[in-house]
2 protein chains.
Amino acid sequence: MTLIDDQNNSPCKDNCPCMDYCPLGSALSLIGGKWKIPILCALFQDGTTRFNELKRKIRGITNTMLASSLKELEEEGLISREQFMEMPLRVEYSLTDDCRDLMPILNQLAHWGAQVHITK
Amino acid sequence: MTLIDDQNNSPCKDNCPCMDYCPLGSALSLIGGKWKIPILCALFQDGTTRFNELKRKIRGITNTMLASSLKELEEEGLISREQFMEMPLRVEYSLTDDCRDLMPILNQLAHWGAQVHITK
DNA sequence: CGGAATCCATGACGATACTG
DNA sequence: CAGTATCGTCATGGATTCCG
């Protein structure tokens, strides 16, 4: 079972590096891959967004990668998909509450990343 | 230039998803790959550790991957390497201060990961 | 002991074309 | 408009062997 150590701020205890299940690795895998962070950032900044709108904002992404990344993020519970039965078809994506909880943490990570990059 | 938005807790602003440089992507790339988190966790929990000791603790890692991961982490400034001119050779690895600053953030990420996994 | 060198398998990712 | 299908490429990681 997973024990997270709050006493010493260790990311994980008794489960990393040697245990089967690591909640940190699990969390990182959810946002891994080349396009998930840009997608989450776009949805966070602009709110509910349609497929082709996302494709325009995220420069360089292809149909294939946007579609597969969105599908994974939805399966992981980080974004929600709403389809409107209109013609032409309209599909809107937005962040879930779980994902919104994640954003402040990613913000801290970004700050840390900016600092170590400077001092490097 | 990189602007991190503190007002709304967005991981990044004006630089993600469409800008060249993203401090969040940069930070994530530093700890990316299959073995970096286990290595950092091992060093955090047990402090200064030798090469073969790390190899024993991190189950499943090979010489190649441990060596290359350690080298990358050192180049990134997350760990420090000290070599003692003895026979047999002794090399000790430990976390840098920069990396220790990172640990509480990873701890939060682990907590978040544990929660979303439960509710999923 | 602490690696480096080499080769190989796999999966992520990209490009293009096509569809309901 | 919002995707899927197919195929090619390349980076990541694994296995093994060898070296100072």
Side-chain angles (χ1 to χ4, degrees), chain A residues 16-18 22 25-26 28-40 42-43 46-76 78-94, chain B residues 16-18 20 22 25-26 28-43 46-76 78-94:
Chain A
C16 196
C18 45
C22 171
S26 163
L28 286 172
S29 76
L30 295 184
I31 58 174
K34 186 172 181 180
W35 297 106
K36 287 188 179 177
I37 292 295
I39 292 172
L40 295 184
L43 291 177
D46 303 340
T48 300
T49 311
R50 306 176 61 167
F51 185 91
N52 276 334
E53 208 176 337
L54 279 173
K55 196 180 153 198
R56 276 189 296 275
K57 286 177 180 170
I58 302 171
R59 201 163 298 271
I61 199 170
T62 60
N63 273 350
T64 315
M65 289 312 299
L66 180 55
S68 70
S69 300
L70 287 171
K71 180 179 259 182
E72 280 187 35
L73 287 169
E74 193 197 359
E75 289 169 357
E76 295 160 4
L78 299 192
I79 68 175
S80 58
R81 189 191 110 113
E82 193 176 7
Q83 177 168 348
F84 299 86
M85 283 310 179
E86 310 170 354
M87 265 314 172
L89 195 56
R90 176 162 59 110
V91 178
E92 294 186 344
Y93 293 92
S94 56
Chain B
C16 195
C18 44
D20 297 336
C22 171
S26 163
L28 286 172
S29 76
L30 295 184
I31 58 174
K34 186 171 181 181
W35 297 106
K36 288 187 179 177
I37 292 295
I39 291 172
L40 295 183
C41 284
L43 291 177
D46 303 340
T48 301
T49 312
R50 304 177 60 168
F51 185 90
N52 276 333
E53 208 177 337
L54 278 173
K55 195 180 154 198
R56 276 189 297 274
K57 287 177 181 171
I58 302 171
R59 202 161 296 271
I61 199 170
T62 60
N63 274 348
T64 315
M65 288 313 297
L66 180 54
S68 69
S69 300
L70 287 171
K71 180 180 258 182
E72 281 187 35
L73 287 169
E74 193 197 358
E75 290 170 356
E76 296 160 4
L78 298 192
I79 68 174
S80 57
R81 190 192 110 113
E82 193 175 5
Q83 178 167 348
F84 299 86
M85 283 311 179
E86 311 170 352
M87 265 312 170
L89 195 55
R90 177 163 59 109
V91 178
E92 293 185 346
Y93 294 91
S94 57

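In the text below, chain A, chain B and the rest are named by the order of the sequence lines, each starting its count at 1. For the numbers below, each heavy atom of this structure counts, side chains included, while hydrogens, waters and symmetry mates do not. Model, not experiment: these values are computed from the prediction.
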| Hey, does the side chain of A:Trp35 come within less than 4.0 Å of C:dG14's phosphate (OP1/OP2), counting only N and O? | yes
| task | Enter the inter-axis angle for the ends of the helix from C:dC1-D:dG20 to C:dG20-D:dC1 (five pairs per end, rounded to 10°). | result | 50°
| query | For the pair made of CD1 in A:Ile31 and P in C:dA12, what is the distance, rounded to whole Å? | reply | 17 Å
| remark: CG (A:Leu54) and CH2 (A:Trp35) are apart, to the nearest 0.5 Å, by 12.0 Å
| query | Which whole-number value in Å describes the distance from B:Arg50 CZ to C:dC1 P? | reply | 8 Å
| What residues in residues 79-93 of chain B put a non-hydrogen atom under 4.0 Å from any atom of DNA chain D? | none
| task | Working to the nearest 0.5 Å, report the span between CD of A:Gln83 and CZ of A:Phe51. | result | 12.5 Å
| task | With a 4.0 angstrom cut-off to heavy atoms of chain B, pull out the first and last contacting nucleotide of DNA chain D, in 5'-to-3' order. | result | D:dG13 to D:dT16
Can you give each donor-acceptor pair under 3.5 Å made by side-chain atoms of residues 67-74 of chain A, sequence neighbours left out, with the distance rounded to 0.1 Å?
from: A:Ser68; atom 1: OG; to: A:Thr64; atom 2: O; distance (Å): 3.3
from: A:Ser68; atom 1: OG; to: A:Met65; atom 2: O; distance (Å): 3.3
from: A:Ser69; atom 1: OG; to: A:Met65; atom 2: O; distance (Å): 2.7
from: A:Glu72; atom 1: OE1; to: A:Lys36; atom 2: NZ; distance (Å): 2.8

| request: Could you list by number each residue of residues 61-73 of chain B showing a heavy-atom separation from DNA chain D of less than 4.0 Å, or answer none if no residue does? | output: B:Thr62, B:Thr64, B:Met65
| query | Side chains of B:Lys57 and B:Thr49: does their closest heavy-atom pair fall under 4.5 Å? | reply | yes
| said: Without decimals, in angstroms, what is the distance between A:Ile37 CD1 and C:dC13 P? | reply: 13 Å
| query | Closest heavy-atom contact between B:Glu76 and B:Leu30? | reply | OE1-O, 2.9 Å
| message | Within this structure, what is the CG-CG distance for the pair A:Leu89 and A:Asn52, rounded to the nearest 0.5 Å? | response | 10.5 Å
| message | Output the rounded distance in Å from NZ (B:Lys34) to C1' (C:dA12). | response | 15 Å
| task | State, yes or no, whether a side-chain contact exists between B:Leu78 and B:Ile31 at a heavy-atom distance under 4.5 Å. | result | yes
| query | Taking only residues two or more places apart in sequence, or in another chain, which ones meet B:Glu86 in a side-chain hydrogen bond (donor to acceptor under 3.5 Å, both in side chains)? | reply | B:Arg90
| task | To the nearest 0.5 angstrom, please state how far the CD1 atom of B:Ile79 sits from the CD atom of B:Glu92. | result | 12.5 Å
